[in-house]
Amino acid sequence: MLMDPRKPSRTEGPAGTDRATADASAVPMSALPMAAAVIDAQWRFVAVNPAFTELLPHPLTPLPGQPCEMLLPIDPAGLMALMQRTRSLGTLQSADLIADADPDTPLADILHCRCQPLADGALLLLIETATTPTSAPLAHNILDHIFTFVGVLAPDGTVLEANRASLEAADITLDDVRGRKFWDCYWWSLDPEISRRIRRAVRSAAAGATPRFDIDKRMAGTRFVTIDLILSPVHDDNGAITHLIYSAIDVSDRKAGEAALQRSEQRFRQVVESAPDGLAMVDASGHMVLVNTGMESIFGYTRGEMLGNTIEMLMPQRHRSAHGALFQGYLEEPTARDMAGRRELYARRKDGSEFPVEIGLNPIPTETGTMVLATIQDVTRRKADRQMIERALEEKTVLLHEIHHRVKNNLQVISSLLNLQARSADPSVGQALSESQGRVKAMALIHQLLYERNDFSQVDLGTYLQRLCSLLQESYRDGPARFTLQVNAAEQMHLNLQRAVPCGLLVNELVTNAIKHAFPDGRSGHIDVTLAPVDDRHCAITVADDGVGLPPDVSPGTSRSLGMQLIPLLSDQAGGQWQVFREHGTRFELIISTTPQEAR
């Protein structure tokens, strides 16, 4: 309709209109006999009806996608001010604008323009003229090309129009809903509570409000989707509500994502709260933004006292001044870090007491920057237990040290007694006593080594054999045999005490037998004792001489001499397998395991 040219330009916002906006696709063109256009947030045309294109002096085809500066003949400054005001206030705004005086334009002198806010910053522009043709079918066609759910209602809730997207999604036709009350339509028919909520929303919109809420809408069959529903009232020039615009978008994916995010956050909080250690999230400025129940239990502060404060409040006073620089240095190259491996750390409780802690740092990237998740563990009890264990271990070490020292001394006493006894005994008895003295010295030497090394779990077999052979060589220096004794043990090999003793006694018997029997009648020769690895789990002890060789009738285990009887027994105690080779003298080889689990 034409306005009085003498009437000044005016703007208005209908009473009771909320800031909530309709969806950009909710265009009620079929119900409004006027020129209409939808303009997006970038000031471009989205959709227009034929009546709108006739207003322009040089219509473009297609008009959608073109900038709205094409409306320049319609007082561009006033029109832009109207649209900006509508977008800023979020309510329906109106203005009477003066048309361009260009004689080629079909515009009237003054046009009544109304601008309706839509979702996402879009606008619905309505221009009323005396010559605007009514084209409801064409407007309805535009409505059908909108992919969101759109409809037009009478103020009493009667459905006047519904677009194709809303109908096809429910597998119904326009005749199924046109003329019916909105709340009685198919979309809300399965749940009486949903129907009642829609009815209340229609009444609220008819009273001038713009209700907006999420609700479940029925689709084909029994399928439901969650929609974001808006009911917007349409006012005439006198402020009376003539229609209600229904628009909605499917937000099921958004809701599912929000629910999944909420479940994820809930699980995260459950994990954080159930952790027995203290957990604190610290932002880049050093302030605590998250703490768990463990922090309250450890430090004695409430959650509210810690949140928003700096992490320095939990430190001893002497460490606070230097922490800021250390923390910023960590943020320059943030990595997962165990602070306990560097030095002893202490924290401070609310009551002022200090206690030892272990702290782990883990950087957490966030949208607002890197945060640090600190894991704080009170190790007061662990440290006390460790000190108690260390004291007990020290006491046991001293005790074992003393035991081996006394065993060594007692064996030396026995060795000395045997030596004294051998001096006054018959030659045959003296020789037997001397051999027994050698065996006692072999056992005493092991305890001597354990005493010297302060390692009571294992014996260095190479060092033991070298020391043992030196004692044997010294013992027989003045004997009739002339020999050289050499030990080859380049690699370190360790045996526990249970296997080292029989190995030492076995080498003592073999070397003693070689000295006594391999070089008769003043002959000279060589005796070699070798310790060498066989593989990763075994080693070989070899005692070889280049003497006259072992007589055929002499065999370990069967001969009557004590030495020959001890050889298989000692080999079995060492957990090894032995062999005797009689070529070019005599060679005895013992293969034993170096793995502790195979000890006998």
Side-chain angles (χ1 to χ4, degrees), residues 18-28 30 38 40-41 46-47 90 116-124 140 142-153 157 159-178 180-205 209-233 244-270 367:
D18 291 345
R19 289 184 62 87
T21 61
D23 184 73
S25 56
V27 184
S30 62
V38 176
D40 65 14
V46 176
Q116 171 79 27
L118 304 177
D120 300 325
L123 301 172
L124 171 62
H140 182 75
I142 293 177
L143 201 65
D144 280 342
H145 283 79
I146 300 173
F147 294 103
T148 55
F149 305 141
V150 181
V152 180
L153 314 178
V159 178
L160 303 177
E161 295 289 345
N163 72 337
R164 182 184 302 170
S166 186
L167 298 171
E168 290 182 349
D171 196 19
I172 58 177
T173 65
L174 183 59
D175 293 336
D176 294 329
V177 295
R178 178 181 280 166
R180 301 188 65 180
K181 298 300 182 185
F182 188 48
W183 54 84
D184 290 333
C185 292
Y186 171 87
W187 302 301
W188 331 107
S189 59
L190 282 185
D191 191 334
E193 180 57 34
I194 292 179
S195 179
R196 286 191 291 270
R197 188 175 184 186
I198 294 296
R199 185 170 185 173
R200 291 193 298 268
V202 170
R203 290 177 178 175
S204 177
T210 306
R212 180 174 185 175
F213 50 87
D214 292 346
I215 195 169
D216 290 336
K217 182 177 182 179
R218 183 185 179 188
M219 298 288 101
T222 57
R223 188 173 67 90
F224 282 82
V225 297
T226 302
I227 61 171
D228 178 8
L229 182 147
I230 304 175
L231 280 175
S232 302
L244 304 179
I245 303 173
Y246 155 69
S247 63
I249 57 175
D250 184 355
V251 294
S252 299
D253 291 341
R254 188 194 74 192
K255 285 292 184 181
E258 290 175 353
L261 181 62
Q262 185 176 7
R263 290 193 299 269
S264 177
E265 182 178 355
Q266 184 178 7
R267 287 193 294 267
F268 171 75
R269 290 190 176 276
Q270 288 176 346
E367 295 179 354

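Excluded from the calculations below are hydrogen atoms, water molecules and symmetry mates; all remaining heavy atoms, backbone and side chain alike, are included. Index from 1, following the sequence.
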V202/L231 under side chain to side chain contact (heavy atoms under 4.5 Å, CB included): CA gap, chis, key distance, verdict: CA-CA 7 Å; V202 170; L231 280 175; 3.9 Å; yes
Trace of the side chain to side chain contact (heavy atoms under 4.5 Å, CB included) decision for I249 with I227: CA-CA 5 Å; I249 57 175; I227 61 171; over 6 Å; no
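By the salt bridge (Lys or Arg N to Asp or Glu O under 4.0 Å) test, D250 is found to be paired with no residue, residues two or more places apart in sequence or in another chain being considered. D191 pairs by the salt bridge (Lys or Arg N to Asp or Glu O under 4.0 Å) definition with nothing, not counting sequence neighbours. Among residues two or more places apart in sequence or in another chain, the ring pair (Phe, Tyr, Trp, His ring centres under 6.0 Å) test is passed with W183 by none. By the side-chain contact (heavy atoms from CB on, under 4.5 Å) test, E258 pairs with R254, K255, sequence neighbours left out.
Between the side chains of D176 and T173, at least one donor N or O lies within less than 3.5 Å of an accepting N or O.
The salt bridge (charged side-chain N to carboxylate O under 4.0 Å, His left out) analysis of residues 215-233, with sequence neighbours excluded, yields the pairs R212-D228. Within the structure, side-chain hydrogen bond (donor to acceptor under 3.5 Å, both in side chains) contacts touching residues 195-205 (residues at least two apart or in different chains) are E193-R196.
Here the side chains of C185 and V159 are in contact, with some heavy-atom distance below 4.5 Å.
Here CZ of R164 is found 14.0 Å from CZ of F149. Values are rounded to the nearest 0.5 Å. Atom CG of L118 sits about 8.0 Å away from atom OG of S247, to the nearest 0.5 Å. In this structure, N163 CG and Y246 OH are separated by 8.5 Å, a value rounded to the nearest 0.5 Å. One distance of note links CG of L124 with CD1 of I245; it measures 6.5 Å at 0.5 Å rounding. Taking OG from S189 and CG from D184, the interatomic distance works out to 9.5 Å, rounded to the nearest 0.5 Å.
In this structure, the ring of W188 has its center less than 6.0 angstrom from the ring center of F182.
Across I194, I198, I172, a single residue satisfies side-chain contact (heavy atoms from CB on, under 4.5 Å) together with W187, and that is I172.
Of all the heavy atoms in P117 and L123, the pair that sits closest is CA-CD2, 4.0 Å. Here the closest heavy-atom approach between residue A162 and residue L174 is recorded as N-CD1, 3.7 Å. Contact between A220 and D171 at its shortest, heavy atoms only, is CB-CB, 4.0 Å. In plain terms, the two heavy atoms of T210 and P233 that are nearest each other are OG1-CD, 3.6 Å.
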